[in-house]
Amino acid sequence: MVRRHPHVFAAAQAEDAEAVLGVWERVKREERGGREQPLAQKIPAALGALERERQAQKGTGTGEGSREAVLGALQQAGDDAEGVAAVLSAVVAWARTAGVNSELALRERTARTISAYDAAAQGGEEHG
(Lines give C-alpha, C1' and ligand atoms only; values in the text may rest on other atoms or scores of the structure.)
Protein backbone atom coordinates (compact mmCIF):
# COMPACT_ATOMS: atom_id res chain seq x y z
CA MET A 1 0.00 0.00 0.00
CA VAL A 2 2.77 2.42 0.94
CA ARG A 3 4.73 1.56 -2.22
CA ARG A 4 1.78 2.26 -4.57
CA HIS A 5 0.73 5.45 -2.81
CA PRO A 6 3.90 7.46 -2.15
CA HIS A 7 1.94 10.69 -2.56
CA VAL A 8 -0.01 9.74 0.58
CA PHE A 9 2.49 7.86 2.74
CA ALA A 10 5.87 9.24 1.65
CA ALA A 11 7.44 12.56 0.75
CA ALA A 12 6.44 12.27 -2.93
CA GLN A 13 3.93 14.81 -4.17
CA ALA A 14 1.44 14.55 -7.00
CA GLU A 15 0.16 17.71 -8.64
CA ASP A 16 -3.17 16.23 -9.75
CA ALA A 17 -5.08 12.99 -10.27
CA GLU A 18 -3.29 12.33 -13.55
CA ALA A 19 0.08 12.48 -11.79
CA VAL A 20 -1.19 10.05 -9.15
CA LEU A 21 -2.27 7.64 -11.90
CA GLY A 22 1.12 7.99 -13.56
CA VAL A 23 2.89 7.02 -10.33
CA TRP A 24 0.45 4.14 -9.84
CA GLU A 25 1.07 2.78 -13.36
CA ARG A 26 4.86 3.15 -13.04
CA VAL A 27 4.92 1.24 -9.73
CA LYS A 28 2.71 -1.54 -11.11
CA ARG A 29 4.90 -1.82 -14.23
CA GLU A 30 8.00 -2.09 -12.01
CA GLU A 31 6.27 -4.85 -10.05
CA ARG A 32 5.71 -6.73 -13.32
CA GLY A 33 9.39 -6.46 -14.20
CA GLY A 34 8.82 -3.63 -16.67
CA ARG A 35 6.25 -5.57 -18.72
CA GLU A 36 3.12 -3.78 -19.88
CA GLN A 37 -0.16 -5.20 -18.57
CA PRO A 38 -2.16 -7.01 -21.30
CA LEU A 39 -5.16 -5.05 -22.55
CA ALA A 40 -7.47 -7.90 -21.53
CA GLN A 41 -6.41 -7.35 -17.91
CA LYS A 42 -6.71 -3.57 -18.10
CA ILE A 43 -10.37 -3.62 -19.10
CA PRO A 44 -12.65 -5.16 -16.48
CA ALA A 45 -15.01 -7.81 -17.85
CA ALA A 46 -17.73 -6.54 -15.51
CA LEU A 47 -18.08 -3.24 -17.39
CA GLY A 48 -21.07 -2.65 -19.61
CA ALA A 49 -20.46 -3.73 -23.20
CA LEU A 50 -20.44 -0.20 -24.62
CA GLU A 51 -17.95 1.04 -22.02
CA ARG A 52 -15.78 -2.04 -22.49
CA GLU A 53 -15.76 -1.45 -26.26
CA ARG A 54 -14.88 2.23 -25.69
CA GLN A 55 -11.93 1.27 -23.52
CA ALA A 56 -10.84 -1.43 -26.00
CA GLN A 57 -10.92 1.08 -28.85
CA LYS A 58 -8.95 3.57 -26.79
CA GLY A 59 -6.43 0.91 -25.75
CA THR A 60 -5.90 -0.35 -29.30
CA GLY A 61 -5.62 3.13 -30.75
CA THR A 62 -8.73 2.74 -32.90
CA GLY A 63 -9.13 5.87 -34.97
CA GLU A 64 -11.90 8.38 -35.03
CA GLY A 65 -15.45 7.39 -35.79
CA SER A 66 -18.03 9.29 -37.78
CA ARG A 67 -21.67 9.28 -38.80
CA GLU A 68 -20.54 8.07 -42.22
CA ALA A 69 -18.74 5.11 -40.65
CA VAL A 70 -21.89 4.24 -38.71
CA LEU A 71 -23.96 4.42 -41.91
CA GLY A 72 -21.38 2.27 -43.70
CA ALA A 73 -21.47 -0.30 -40.91
CA LEU A 74 -25.28 -0.32 -41.09
CA GLN A 75 -25.23 -0.89 -44.83
CA GLN A 76 -22.74 -3.74 -44.57
CA ALA A 77 -24.18 -5.38 -41.46
CA GLY A 78 -26.00 -8.64 -41.62
CA ASP A 79 -29.13 -9.27 -39.60
CA ASP A 80 -27.23 -11.27 -37.02
CA ALA A 81 -25.26 -10.76 -33.81
CA GLU A 82 -22.01 -10.01 -35.67
CA GLY A 83 -23.70 -7.35 -37.81
CA VAL A 84 -25.30 -5.69 -34.80
CA ALA A 85 -21.96 -5.79 -32.94
CA ALA A 86 -20.18 -4.13 -35.89
CA VAL A 87 -22.74 -1.32 -35.93
CA LEU A 88 -22.54 -0.84 -32.17
CA SER A 89 -18.74 -0.71 -32.39
CA ALA A 90 -19.01 2.00 -35.08
CA VAL A 91 -21.45 3.93 -32.87
CA VAL A 92 -19.06 3.73 -29.91
CA ALA A 93 -16.22 5.05 -32.11
CA TRP A 94 -18.42 7.92 -33.32
CA ALA A 95 -19.40 8.73 -29.74
CA ARG A 96 -15.73 8.71 -28.65
CA THR A 97 -14.88 11.14 -31.45
CA ALA A 98 -17.78 13.38 -30.39
CA GLY A 99 -16.64 13.29 -26.75
CA VAL A 100 -19.70 11.32 -25.65
CA ASN A 101 -19.51 8.32 -23.34
CA SER A 102 -21.88 5.93 -25.13
CA GLU A 103 -22.50 3.83 -22.02
CA LEU A 104 -23.59 6.82 -19.96
CA ALA A 105 -25.58 8.34 -22.83
CA LEU A 106 -27.56 5.14 -23.32
CA ARG A 107 -28.09 4.67 -19.58
CA GLU A 108 -29.49 8.20 -19.34
CA ARG A 109 -31.70 7.64 -22.40
CA THR A 110 -32.99 4.35 -20.94
CA ALA A 111 -33.76 6.04 -17.62
CA ARG A 112 -35.78 8.72 -19.43
CA THR A 113 -37.68 6.06 -21.42
CA ILE A 114 -38.54 4.15 -18.25
CA SER A 115 -39.57 7.32 -16.41
CA ALA A 116 -41.81 8.43 -19.27
CA TYR A 117 -43.42 4.99 -19.47
CA ASP A 118 -43.97 4.85 -15.70
CA ALA A 119 -45.42 8.37 -15.67
CA ALA A 120 -47.80 7.50 -18.53
CA ALA A 121 -48.81 4.24 -16.86
CA GLN A 122 -49.39 5.98 -13.55
CA GLY A 123 -51.44 8.70 -15.26
CA GLY A 124 -53.59 6.03 -16.92
CA GLU A 125 -54.23 4.39 -13.56
CA GLU A 126 -55.38 7.68 -12.03
CA HIS A 127 -57.85 8.29 -14.86
CA GLY A 128 -58.93 4.67 -15.27
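Heavy atoms only: backbone and side chains are in, while hydrogens, waters and symmetry mates are out.
- Scanning all heavy atoms of the two residues, the minimum distance from Gly65 to Thr97 falls at N-OG1, 2.6 Å.
- With hydrophobic clusters built from ILVMFWY side chains whose heavy atoms lie under 4.5 angstrom apart, Trp94 shares a cluster with Val87.
- Between Ser89 and Glu53 the shortest heavy-atom distance is OG-OE2, 2.7 Å.
- Checked against side chain to side chain donor-acceptor pair (under 3.5 Å), Thr62 has the following partners two or more places apart in sequence or in another chain: Thr60.
- Ser102 is linked by a side chain to side chain donor-acceptor pair (under 3.5 Å) to nothing, counting only residues two or more places apart in sequence or in another chain.
- In this structure, the salt bridge (Lys or Arg N to Asp or Glu O under 4.0 Å) partners of Lys42, at least two apart in sequence or on a different chain, are Glu36.
- Across every non-hydrogen atom of Ala86 and Ala73, the tightest pair is O-CB, 4.1 Å.
- Counting non-hydrogen atoms of other residues, nucleotides and ligands closer than 6.0 Å to CD of Glu64 gives a total of 12 or fewer.
- Applying the side-chain hydrogen bond (donor to acceptor under 3.5 Å, both in side chains) test to every pair with at least one member in residues 72-81, sequence neighbours left out, gives no pairs at all.
- Although no hydrogens or angles enter the test, the distance criterion places no donor-acceptor pair under 3.5 Å between the side chain of Arg96 and the main chain of Asn101.
- Val92 forms part of a hydrophobic cluster together with Leu50, Leu106, judged by ILVMFWY side-chain heavy-atom separations under 4.5 Å.
- Qualifying side chain to side chain contact (heavy atoms under 4.5 Å, CB included) partners for Glu68, counting only residues two or more places apart in sequence or in other chains: Ser66.
- Under the salt bridge (Lys or Arg N to Asp or Glu O under 4.0 Å) criterion, Arg67 pairs with no residue at all, not counting sequence neighbours.
- Atoms CD and CZ, on Gln57 and Arg54 in that order, are 9.5 Å from each other to the nearest 0.5 Å.
- Residues near Val100 contribute nothing to a hydrophobic cluster around it, because no ILVMFWY side-chain heavy atom sits closer than 4.5 Å to its side chain.
- Contact annotation: the side chain of Pro44 approaches that of Gln55 to within less than 4.5 Å [non-hydrogen atoms, C-beta and beyond].
- By the side chain to side chain contact (heavy atoms under 4.5 Å, CB included) test, Ala19 pairs with Ala14, Asp16, sequence neighbours left out.
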Enumerate donor-acceptor pairs with a distance under 3.5 Å from any side-chain N or O in residues 111-118 to protein atoms, sequence neighbours excluded.
{"from": "Thr113", "atom 1": "OG1", "to": "Arg109", "atom 2": "O", "distance (Å)": "3.1"}
{"from": "Ser115", "atom 1": "OG", "to": "Ala111", "atom 2": "O", "distance (Å)": "3.1"}

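- Taking Ile, Leu, Val, Met, Phe, Trp and Tyr as hydrophobic and joining them when side-chain heavy atoms fall under 4.5 Å apart, one finds Leu47 in a cluster with Leu39, Ile43.
- With side-chain heavy atoms closer than 4.5 Å counting as contact, directly or through intermediates, Leu104 stands alone and belongs to no larger hydrophobic cluster.
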